[in-house]
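When reading the values below, keep in mind they use all heavy atoms of this one structure, side chains included, and skip hydrogens, waters and symmetry mates.
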Amino acid sequence: MNTIDLILLNFETTRNHSMQTWRLIPDNYLDWRPDQEAYSFGEMIRHVWVGDYEYLHILKTGGLDPEEDIYQNVPITSVEQEIEYSHPHRQQLLDWIRNLPPEQLIEKSVARPAKGYQRPLGDMLMRIAYHDSVHIGYFKQYLRMVQLEQPNMALAYNEEW
């Protein structure tokens, strides 16, 4: 297993954990939010997977944010629909990573002037995968607040991706 394979495994594992957590949310809870400033369950799911599209754009352009929000006007209706929307964007991101020459992980950097940082590509990829993990934590707190089942992360790995 090489470095690219390990990065891909990390991406796959964190997304599988996310999907396992998302699937615990009944569709009638998608609009629930702990307060007016927070994402709803549905908005957080959308935020996480649209990140795949946005991050791929950033990686391909050397740091430029996309100009459009591709699903801004699409209503959030079900967890499974959001997962279905997410698949092509996740697959494109994974394919892009899969085709990287390993030396680019160190040699190429991604500058994000609007965010105030520049990072090696390998570091940026790890942070992108970590984005899912951060939101899993938020989801788990939301689930506790509405007294819904908690995910069993030991069961989260599958070959779906």
Inter-residue atom distance [X].[atom1] - [Y].[atom2], 0.5 Å rounding:
X      : Y      : atom1 : atom2 : answer
Met19  : Glu82  : CE    : CD    : 13.5 Å
Leu94  : Arg15  : CG    : CZ    : 8.5 Å
Ile83  : Ser78  : CD1   : OG    : 8.5 Å
Met126 : Leu105 : CE    : CG    : 10.0 Å
Leu59  : Leu93  : CG    : CG    : 7.0 Å
Gln91  : His89  : CD    : NE2   : 12.0 Å

Any sub-3.5 Å donor-acceptor pair from [X]'s side-chain atoms to [Y]'s backbone N or O?
X     : Y     : value
Asn16 : Glu12 : yes
Glu84 : Gln81 : no
Ser40 : Leu30 : yes
Arg90 : Phe11 : yes

Q: Examine the side chains of Asp132 and Ser18 and answer whether a donor and an acceptor come within less than 3.5 Å of each other.
A: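 Short answer, yes.
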
(Q) Does this structure show an ion pair linking Arg98 with Asp5, if we count only N-O contacts that are shorter than 4.0 Å? (A)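 Salt bridge absent between Arg98 and Asp5.
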
Q: Would you check, one step at a time, whether the test side-chain contact (heavy atoms from CB on, under 4.5 Å) holds for Leu100 with Leu121?
A: CA-CA 10 Å; Leu100 281 174; Leu121 177 58; 3.8 Å; yes

For [X] and [Y], work out which heavy atoms get closest and say how close.
X      : Y      : value
Ile45  : Ile25  : CD1-CD1, 4.3 Å
Pro66  : Ile58  : CD-CG1, 4.5 Å
Arg33  : Tyr39  : CB-O, 3.6 Å
Glu37  : Asp35  : N-OD1, 2.8 Å
Ala111 : Gln118 : CB-OE1, 3.8 Å

Q.
Tell me whether the rings of Phe139 and Trp22 are parallel (<30°), tilted (30 to 60°) or perpendicular (>60°).
A.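 Tilted, since the angle between the ring planes falls between 30° and 60°.
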
Q: Report yes if some heavy atom in the side chain of Asn152 is under 4.5 Å from a heavy atom in the side chain of Gln20; otherwise report no.
A: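 They are in contact (side-chain heavy atoms under 4.5 Å apart), so the answer is yes.
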
Q) With side chains defined as the heavy atoms from C-beta onward, is the minimum distance between Phe41 and Leu143 less than 4.5 Å? A)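 A side-chain contact exists here, since the closest heavy-atom pair is under 4.5 Å.
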
(Q) Could you walk me through whether Leu148 and Leu24 satisfy the side-chain contact (heavy atoms from CB on, under 4.5 Å) test, starting with their C-alpha distance in whole Å, then the side-chain angles of each, then the deciding distance to 0.1 Å, before giving a yes or no? (A) CA-CA 8 Å; Leu148 290 172; Leu24 294 172; 6.0 Å; no

Q.
One pair to check against side-chain contact (heavy atoms from CB on, under 4.5 Å): Lys108 and Glu103. What are the steps and the verdict?
A. CA-CA 8 Å; Lys108 184 176 179 180; Glu103 59 274 6; over 6 Å; no

(Q) Go through it in stages, so that I can follow the logic: the residues are Asp65 and Arg112, the test is salt bridge (charged side-chain N to carboxylate O under 4.0 Å, His left out), and I'd like the CA-CA distance, side-chain angles, deciding distance and then a yes or no. (A) CA-CA 8 Å; Asp65 288 323; Arg112 300 210 50 211; 2.5 Å; yes

Q. Hey, which of Val50, Ile128, Leu125 is the one that makes side chain to side chain contact (heavy atoms under 4.5 Å, CB included) with Tyr55?
A.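 Filter result, single survivor: Ile128.
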
